[in-house]
K.L.:
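The following block contains the structure, expressed as structure tokens.
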Amino acid sequence: MTLTADRNNAEGTPGGPEDRRWWNRRAFDRRENTDSALMIGALSIVCFWTPGFGVALGILALGAALWADRSPILSGPPASRTDAALAYGAGALGIILGIGFLTMVLW
């Protein structure tokens with residue numbers, strides 16, 4: 001499932017309560033939020049060389065992964081432990097790489 005998937009009603013016509021278009025889109029369940037945390041963590045790994053941006057994205061990814069695991073507001077079953085571990089790991093790796101790169105540059 002992608003984060004921009006349409007969910008039309010049973011007749012295939014838009015307009016039902018399940019209709020989620022790209023302009024009215026937010027993550028509603030735990031699996032979607034875990035996927036978002038993983039994407040932010042991957043972006044933090046890629047952006048580790050930008051001063052502080054990779055670290056900030058890593059912290060945001062860890063916060064999003066924690067929220068996806070523990071928030072009582074979100075619906076649905078929790079994401080698989082593998083997906084959650086990947087989200088936590090990507091965020092932590094982005095923080096570690098960002099701090100390591102900043103240390104190497106500033107030292």
Side-chain angles (χ1 to χ4, degrees):
M1 167 193 258
T2 64
L3 287 178
T4 58
D6 282 344
R7 292 194 183 163
N8 295 330
N9 58 12
E11 295 82 29
T13 58
E18 298 86 22
D19 190 28
R20 293 162 56 188
R21 301 285 184 191
W22 65 268
W23 59 84
N24 188 19
R25 179 75 175 129
R26 61 170 212 189
F28 287 100
D29 67 2
R30 296 177 189 282
R31 289 181 307 206
E32 291 174 349
N33 281 307
T34 302
D35 289 342
S36 297
L38 178 58
M39 286 186 278
I40 295 169
L43 188 60
S44 75
I45 292 171
V46 171
C47 295
F48 76 93
W49 55 272
T50 57
F53 189 60
V55 175
L57 285 174
I59 292 169
L60 183 65
L62 283 178
L66 279 170
W67 184 63
D69 268 351
R70 299 185 179 156
S71 175
I73 298 170
L74 298 174
S75 64
S80 68
R81 293 313 315 159
T82 305
D83 288 345
L86 283 173
Y88 286 124
L93 185 61
I95 292 170
I96 291 168
L97 288 174
I99 290 174
F101 184 77
L102 282 173
T103 302
M104 183 180 68
V105 169
L106 296 176
W107 191 284

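One-based numbering along the sequence shown.
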K.L.:
How far does CG of L86 sit from CG of L38, to the nearest 0.5 angstrom?
P.N.:
6.0 Å
K.L.:
Does a side chain donor of either W67 or S71 reach within less than 3.5 Å of an acceptor in the other side chain?
P.N.:
yes
K.L.:
What's the spacing between S75 OG and R31 CZ if we round to 0.5 Å?
P.N.:
9.0 Å
K.L.:
For the atom pair CD1 (I73) and CZ (R30), what is the distance rounded to the nearest 0.5 Å?
P.N.:
10.0 Å
K.L.:
Side-chain polar contacts of residues 49-60 - donor-acceptor pairs under 3.5 angstrom, sequence neighbours left out - could you list them?
P.N.:
unit_1, atom_1, unit_2, atom_2, d
W49, NE1, V46, O, 3.2
T50, OG1, C47, O, 2.7

K.L.:
For A87 and A65, work out which heavy atoms get closest and say how close.
P.N.:
CB-CB, 4.0 Å
K.L.:
Can you list everything that forms a salt bridge (charged side-chain N to carboxylate O under 4.0 Å, His left out) with R81? Sequence neighbours excluded, please.
P.N.:
D69
K.L.:
Check S44 against G94 and note the closest heavy-atom contact, atom names and distance.
P.N.:
OG-CA, 3.4 Å
K.L.:
How close do A68 and T34 get, counting heavy atoms only, and between which atoms?
P.N.:
CB-OG1, 3.5 Å
K.L.:
Report yes or no: do M104 and L97 belong to one cluster of Ile/Leu/Val/Met/Phe/Trp/Tyr joined by side chain heavy-atom distances under 4.5 Å?
P.N.:
yes
K.L.:
CG of D83 to CG of N33: how many Å apart, nearest 0.5 Å?
P.N.:
12.5 Å
K.L.:
Check whether V105 and I45 end up in the same hydrophobic cluster, where Ile, Leu, Val, Met, Phe, Trp and Tyr are linked by side-chain heavy atoms less than 4.5 Å apart.
P.N.:
yes
K.L.:
Does any pair with a residue in residues 82-105 pass ring pair (Phe, Tyr, Trp, His ring centres under 6.0 Å), and if so which ones, sequence neighbours excluded?
P.N.:
F48-F101
